[in-house]
Every structure is written in C-alpha cells, then in structure tokens.
Trainee: 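So that we are looking at the same thing, I have put the structure below in structure tokens.
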Amino acid sequence: MSNDLSRFLMSRRRFGALAGAFGLAVGFAPTLISRAFAQAKETADKIIHGKSPELIIHNAKLGVTETPLELLRKHKHTPKEILFSRYHYPHEGNAAWYATTAAPPAELVKNWSIRVDGLVKRPRTVTIADLQAMPQEQRVAVLQCAGNGRSFYAAKQKVAGGQWQNGGMGNVVWEGVPLKPFLKGLEMEPSPAARWLTAEGWDQPATRVGTDFAKSYRLDDEALDHAILALKMNGEPIPAIHGGPVRLIIPGFYGNMNVKLLTVLMLAAEQSPSTYQSMAYRMPLVPVEPGTFGANDYTLENSRPTYGQAIKSVIFSPLPSDSPKSGMVEITGVAFNDGMAPITSVEVSADGGKSWHMAKIETPESPWAWHHWSVKTRIGAGEQTLMSRATDALGRTQPINGLARWNPRGYEWNGVERSAVKFA
Ligand SMILES: Nc1nc2c(c(=O)[nH]1)N[C@H]1C(S)=C(S)[C@@H](COP(=O)(O)O)O[C@H]1N2
Ligand SMILES: [Mo]
C-alpha cells in the first residue's frame with residue numbers, strides 16, 4: 001500500500017482515488033457517508049466524524065460548521081470536538097479522509113512530504129519525521145474565519161456565503177517548528193528576488209477548472225516571525241479535519257491564511273495566482289457600498305488580503321439563552337486582535353450604549369490568545385442591549401457602526417458587539 005500511496009501523493013491530481021482509498025482504509029466507506037447525507041436531519045457528527053452534534057452547519061457538502069457560544073465559552077482551549085471547521089472542496093462523494101477529528105492515518109503521515117521550492121538554488125523535500133526531529137515551540141492563538149460575523153452585515157445587505165454569527169473562532173494551542181529558522185536551516189540559498197512565500201494544501205478542487213487552496217505572504221511581514229509548521233493541536237497530533245499532519249500557523253492572521261494539510265512552500269517574486277489569493281479573502285482598500293463593487297471586482301491593486309485580525313470582542317455571558325435575572329450581573333467575554341499591540345481596554349454597556357463600564361482584562365496566555373474580561377454592573381428587568389468594545393495600544397478599536405465596513409464578501413466583521421438579552 002505504501003508504494004501506491006507515495007505514487008498518489010506524487011500525482012496530486014489523483015484526488016478522488018486517494019480519498020477513496022482512505023475512506024476504506026480508515027473504516028468509513030463512501031456508501032455510509034452518502035447514506036448519512038441522505039438523512040433529513042443532518043448533524044455535524046454525521047458530516048465530520050467526531051464533531052459534536054450540537055454544532056451549527058453552514059454547508060454540509062463542504063463540512064462548514066460553527067460553534068454555538070454556549071459551547072465555546074465552556075473551554076479555555078477549544079476542543080477538537082467543537083472547534084469550527086471549514087474546507088473549500090466537497091467532502092461528499094469523495095468521502096474525504098480528512099472529514100474526521102481523528103489524526104490522519106499513520107500510512108499517510110509516514111509518506112507525507114513538504115516540497116520547499118521556487119527561487120532557491122537547492123529545493124528541498126521535508127518529511128514529518130524530519131519536522132518532528134526539529135525544536136518545537138508553542139503558540140496559543142485564536143483561529144478565526146475571516147467570514148466570522150458575516151451574518152451581521154445583512155442589516156445593510158445580506159452577503160452570500162455562510163451566515164456566521166460569532167462562533168467561527170476558537171482559542172487553540174498549536175505546537176510545531178518555527179518557520180523562519182526552518183527555512184534558514186534548509187540552506188536553500190534563496191534568490192534576493194524571492195519576496196513572497198506561498199503555502200499550498202494537499203486538498204484539490206474536484207475538477208481542473210477549480211484553483212488550488214494556495215495563500216501567499218510577504219516574506220518581510222513581521223507576523224511570519226511567529227509562524228510555525230504546526231504538528232500538534234491542543235497537545236495531540238493535529239486532527240485531519242484541522243489540517244494534520246502539518247499546518248502552517250501564523251498567529252494573529254485570519255483562518256484562511258493558516259493553510260491545512262501543508263504540502264508545498266514556494267518562494268517567489270510574486271504572489272500566487274490562485275483565486276483564493278487574488279479574488280477571495282480580500283478587503284477593498286476603500287469603503288464600498290452594496291451595488292458599487294461586486295464580489296468579483298477585486299484586483300491586487302484595489303484590495304488587500306485578509307491578513308491580521310481586526311480587533312474584536314465577543315460577549316460570552318450572559319447569553320440570551322441563559323435567561324438571566326436582573327440585579328448585579330457579571331458580564332464576561334473575550335477580546336483579541338492581531339497580536340501586534342496589547343489590548344488596553346474593553347468597555348461594556350448594559351443600556352444600549354448610554355453608559356459604559358471599564359472591564360477588567362485578565363493577562364492573556366499569549367498576544368494572540370483570547371483576552372478574558374469581566375465587569376459587574378446593575379441591570380434592570382426587561383430586554384437590554386449589552387455591548388462591548390475593545391481597544392488596543394495602537395488606538396485600534398471596534399467601529400460603533402460595523403456596517404461601515406460592509407464588503408461584498410462579508411469579511412472582517414468587527415463592529416461593536418451588541419446582544420439583546422432579556423432579564424427577569
Ligand atoms: N488546505 C486548506 N487549508 C485551509 C482551508 C482549505 O480549504 N484548505 N480553509 C481555510 C479557511 S478559510 C479557514 S477559516 C480555516 C479553517 O480552519 P479549521 O477548519 O481548522 O477551523 O482553514 C483554512 N485553511
Ligand atoms: Mo475562512
């Protein structure tokens with residue numbers, strides 16, 4: 001089998017065949033999967049083996065799931081059973097081997113390699129065993145889809161795509177090989193013309209018309225100094241659904257920049273022509289109005305990639321489903337940004353923005369981790385609008401009117417958090 005495997009891994013277009021082989025090898029036959037899809041009530045555990053049935057499903061075919069805040073707030077580090085997930089190519093039919101919270105099959109891990117190539121004198125091929133032998137570092141970081149909060153843009157005009165609320169994120173412990181020393185250690189002699197690093201995942205579009213999931217980063221971007229080739233998530237081998245056996249983690253960057261199932265690192269003079277780099281996951285450089293700028297009007301000149309996360313806060317308690325009582329109430333939640341400047345304040349309102357209270361911020365585990373905050377205030381009976389607003393040392397803050405950042409693909413929502421809660 002392992003010879004077959006390496007051949008499959010070499011010819012990466014044999015997507016369906018390899019996926020099929022693994023569907024059988026890991027014991028969930030494609031027929032079982034398709035039967036699950038035929039059922040009326042779909043739950044996340046039927047789409048992704050090992051996920052909680054309580055997750056919100058945005059797209060069953062692609063395995064896009066969101067974590068309800070009631071679950072998310074229970075854990076300091078988001079467990080694999082409830083962490084949101086997202087891939088761009090269908091799980092259905094090919095019964096993707098990575099549609100599981102289990103680690104990738106040992107055979108596949110053994111044969112996995114990363115090609116490091118491009119504008120270098122000596123291209124290299126690195127195995128998982130090579131990576132495991134190198135010094136490892138930990139990064140606690142928020143993983144968040146750039147589309148998290150997209151549903152809130154609907155108050156201006158609904159944006160196509162998963163209608164994410166606030167649960168397209170999690171706080172995760174990653175561990176792996178620091179990227180910059182890794183590249184240096186390979187002694188490839190890169191050309192000075194190499195200004196971009198492109199990372200590609202193993203997953204492929206089902207047809208040749210589609211484009212690879214490839215993402216490019218400026219080699220001189222400070223964020224890359226903290227990047228790791230992660231082998232572990234929350235202390236164990238990275239679950240297949242979350243990109244094992246190896247994933248590029250750039251703390252502080254939006255989810256899409258954290259390429260899963262890493263197979264290629266390319267040094268180049270230009271960024272990748274993949275539409276995932278040039279068209280999707282971009283923000284217009286100037287504010288746009290619905291109807292004046294379309295989802296396919298993005299160019300490298302009029303837009304920028306969704307790199308560092310816009311500063312944001314989310315209220316974890318009380319949630320509307322808590323049916324809280326009036327009186328002295330403790331409001332809690334989390335805040336985070338791109339990790340480039342400390343978060344200096346979280347202001348909270350329990351009366352729709354008439355009065356504000358300074359929350360106490362706990363020391364975070366890392367600059368990129370959830371910053372837990374809390375504040376106690378008296379709240380009267382009836383429906384109240386709770387609000388939270390985080391600000392960092394660079395003066396970056398959440399806009400009162402998040403709709404001002406409306407964009408045709410609905411990314412980077414970071415409007416002041418608002419939640420209507422009824423107090424008894
Ligand atoms: N190889 C690969 N990596 C990928 C993607 C993908 O489709 N393929 N999706 C990206 C996007 S858009 C997001 S939000 C995150 C989701 O990570 P998760 O599934 O571990 O939560 O993975 C990113 N990395
Ligand atoms: Mo995403």
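All values derive from a computational prediction rather than experimental measurement. Counting starts at 1 for both ligands and their atoms, following the listed order.
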Trainee: For atom 4 (C) of ligand 1, what is the closest protein heavy atom, and at what distance to 0.1 Å?
Mentor: Phe213 CE2, 3.5 Å
Trainee: Taking everything shown except Lys80 itself, do over 12 heavy atoms lie less than 6.0 Å from its NZ?
Mentor: yes
Trainee: With heavy-atom distances below 4.0 Å as the criterion, list the atoms of ligand 1 near Gly201.
Mentor: 1 (N)
Trainee: Does a sphere of radius 6.0 Å around NZ in Lys74 hold more than 12 heavy atoms from other residues, nucleotides or ligands, not counting ones at 6.0 Å or beyond?
Mentor: no
Trainee: Mark up the atoms of ligand 1 that fall under 4.0 Å of a heavy atom belonging to Tyr87, in ascending order.
Mentor: 6 (C), 7 (O), 8 (N)
Trainee: In terms of heavy-atom contacts, does CD of Glu330 have more than 12 from other residues, nucleotides or ligands at under 6.0 Å?
Mentor: yes
Trainee: Can you confirm, on distance only, whether ligand 1 has an N/O atom lying under 3.5 Å from any N/O atom belonging to Trp202?
Mentor: no
Trainee: Name the one of Arg396, Arg405, Lys312 that satisfies side chain to side chain donor-acceptor pair (under 3.5 Å) with Asn414?
Mentor: Arg405
Trainee: Before you tell me yes or no, could you show the steps for Trp202 and Trp97 under ring pair (Phe, Tyr, Trp, His ring centres under 6.0 Å), namely the whole-Å CA-CA distance, both residues' side-chain angles and the distance that decides it to 0.1 Å?
Mentor: CA-CA 12 Å; Trp202 178 93; Trp97 59 267; 5.5 Å; yes
Trainee: Classify the contact between Phe84 and ligand 1 as side chain, backbone, both or neither, using a heavy-atom distance cut-off of under 4.0 Å.
Mentor: both
Trainee: At what distance is the nearest protein heavy atom to atom 7 (O) of ligand 1, and which residue and atom is it?
Mentor: His88 ND1, 2.7 Å
Trainee: Could you tell me which atoms of ligand 1, counted from 1 in the order shown, lie closer than 4.0 angstrom to a heavy atom of Asn258?
Mentor: 23 (C), 24 (N)
Trainee: Report the nearest protein non-hydrogen atom to atom 3 (N) of ligand 1: residue, atom name, distance rounded to 0.1 Å.
Mentor: Lys260 N, 3.0 Å
Trainee: Between the side chains of Thr198 and Ser272, is a donor N or O closer than 3.5 angstrom to an acceptor N or O?
Mentor: no
Trainee: Give the single entry among Asp212, Leu262, Asp203, Asn256 that approaches atom 1 (N) of ligand 1 most closely by any heavy atom.
Mentor: Asp203
Trainee: Are there more than 12 heavy atoms of other residues, nucleotides or ligands under 6.0 Å from atom CD of Gln157?
Mentor: yes
Trainee: Show which atoms of ligand 1 fall inside a sub-4.0 Å distance from at least one heavy-atom site of Cys145.
Mentor: 14 (S)
Trainee: Looking only at distances, can you tell me whether any N or O atom of Tyr281, backbone or side chain, sits closer than 3.5 Å to an N or O atom of ligand 1?
Mentor: no
Trainee: Using a plain distance cutoff, I'd like to know if Val259 has any nitrogen or oxygen under 3.5 Å from a nitrogen or oxygen of ligand 1.
Mentor: no
Trainee: Which of parallel (below 30°), tilted (30 to 60°) and perpendicular (above 60°) describes Phe213 and Tyr281?
Mentor: perpendicular
Trainee: Look at atom 23 (C) of ligand 1 and say which protein heavy atom is nearest, naming residue and atom and giving the distance to 0.1 Å.
Mentor: Gly255 O, 3.3 Å
Trainee: Going by the order shown, which atoms of ligand 1 are within less than 4.0 Å of some heavy atom of His242?
Mentor: 18 (P), 19 (O), 20 (O), 21 (O)
Trainee: So, regarding Arg247 and ligand 1 (criterion: nitrogen or oxygen to nitrogen or oxygen, under 3.5 Å), is there a contact or not?
Mentor: yes
Trainee: Using 0.5 Å steps for rounding, measure from the CE atom of Met266 to the CG atom of Leu119.
Mentor: 9.5 Å
Trainee: Over 60° means perpendicular and under 30° means parallel, so classify the ring planes of Tyr307 and Phe253, tilted if in between.
Mentor: parallel
